[in-house]
Amino acid sequence: MSSQPIGVFDSGLGGLTAVKQLQKVLPNENIVYFGDTGRVPYGNRSTDIIKKYALQDTAFLISKNVKLVIAACGTVSSVLPNLSDETDVPYTGVLMPTALAAVKATHNGKIGVIGTTATVKSRSYERHIHSIDSRIEVFQQDCPLFVPLVENGFIKRDDPIPRMAAERYLAGLKDIGVDTLILGCTHYPILMDIISDYMGENVKLINSGRETALYAAELLNKSGMLNTQNAKGTYEYYVSDCVETFSSVARVFLGSEIEHNVQRLDIEQFIADMGQNT
Ligand code: DGL
């Protein structure tokens with residue numbers, strides 16, 4: 001049993017889709033979230049920069065005494081699939097649990113993957129799926145407009161702007177006939193209805209946040225680190241840019257009011273101070 005919090009980070013708000021699932025699956029767990037809203041997006045940056053940011057985000061969460069770090073970011077998880085080798089606490093990204101869920105879900109052996117440009121370029125999902133079942137065909141598509149649409153609140157099901165973007169990005173995957181579609185970026189579940197309307201009800205959408213929350217629960221359970229307290233968990237949120245913007249959009253992600261426990265964190269300054277104190 002451990003009452004230490006679970007640490008979750010993302011480049012921005014997308015990781016909150018994983019937090020929402022964690023809150024459902026593990027309601028007693030305390031959670032510390034860091035959204036790097038001052039440096040979002042990560043998805044069009046180089047591997048070196050993504051690694052630098054991911055290690056800084058992780059260092060901040062470790063300073064909060066977390067028992068598990070979750071990179072709730074498809075980009076970090078795909079570009080740096082071995083980041084666990086460089087962290088001092090248990091760590092998981094979204095890649096492995098999500099790929100496994102997709103392999104289990106497909107009937108026709110055609111899986112689509114949508115994600116940021118960096119995620120698609122890394123081909124990590126393809127590799128991981130083939131390591132489980134080499135007969136599966138994997139088709140990828142990057143959707144670079146989805147993250148800014150979500151971060152700026154263009155998320156209503158009947159809004160023609162995200163609907164047009166979905167049609168443009170997903171037409172090829174629909175024509176190919178994938179029966180399973182991995183939402184390889186944690187921002188995308190917010191556009192789930194729009195994506196589902198376009199792909200049709202027969203295409204199973206895999207939410208990486210949900211699969212990762214289920215995996216985290218299993219991991220903590222197996223290692224005896226679940227928080228068995230009866231009280232509801234507490235949540236702390238940190239962002240590297242405007243608290244107000246985060247609060248208003250985050251309400252949509254989490255479906256609840258979180259204004260009172262959001263704090264601004266200057267991540268570069270935090271890392272500089274850490275260096276001076278060591
Ligand atoms: N939520 C991040 C992901 O899953 C957003 C990507 C970005 O920052 O570009 O990839």
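Numbering of residues begins at 1 and proceeds along the displayed sequence. Order of appearance sets the numbers: ligands from 1, and atoms from 1 within every ligand.
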**Enclosure of Y235 OH (heavy-atom neighbours >12, cutoff 6.0 Å)** = yes

**Request:** Can you tell me which residue pairs pass the salt bridge (charged side-chain N to carboxylate O under 4.0 Å, His left out) test with a partner in residues 70-88, sequence neighbours excluded?
**Result:** K51-E86

Write none if no such pair exists; otherwise list each N/O atom of ligand 1 with its protein N/O partner under 3.5 Å and the distance.
residue: ligand 1; atom: 1 (N); partner: D10; partner atom: OD1; Å: 2.9
residue: ligand 1; atom: 1 (N); partner: D10; partner atom: OD2; Å: 3.2
residue: ligand 1; atom: 1 (N); partner: T186; partner atom: OG1; Å: 2.8
residue: ligand 1; atom: 1 (N); partner: H187; partner atom: ND1; Å: 2.8
residue: ligand 1; atom: 4 (O); partner: G74; partner atom: N; Å: 2.5
residue: ligand 1; atom: 4 (O); partner: T186; partner atom: N; Å: 2.9
residue: ligand 1; atom: 4 (O); partner: T186; partner atom: OG1; Å: 3.3
residue: ligand 1; atom: 8 (O); partner: S11; partner atom: OG; Å: 2.5
residue: ligand 1; atom: 8 (O); partner: Y42; partner atom: N; Å: 2.7
residue: ligand 1; atom: 9 (O); partner: Y42; partner atom: N; Å: 3.3
residue: ligand 1; atom: 9 (O); partner: G43; partner atom: N; Å: 2.8
residue: ligand 1; atom: 10 (O); partner: G74; partner atom: N; Å: 3.4
residue: ligand 1; atom: 10 (O); partner: T75; partner atom: N; Å: 3.0
residue: ligand 1; atom: 10 (O); partner: T75; partner atom: OG1; Å: 2.6

**Fill in**
Sequence neighbours excluded, the answer for side chain to side chain donor-acceptor pair (under 3.5 Å) partners of R123 is E126

**Asked** Mind checking whether F146 and Y169 have ring centres under 6.0 Å apart?
**Response** yes

**Asked** Within 45° of the axis and under 6.0 Å from the centre of the six-membered ring of Y53, does NZ or CZ of R39 qualify?
**Response** yes

**Asked** How would you list all residue pairs meeting salt bridge (charged side-chain N to carboxylate O under 4.0 Å, His left out) that involve residues 127-143, not counting sequence neighbours?
**Response** D133-R135

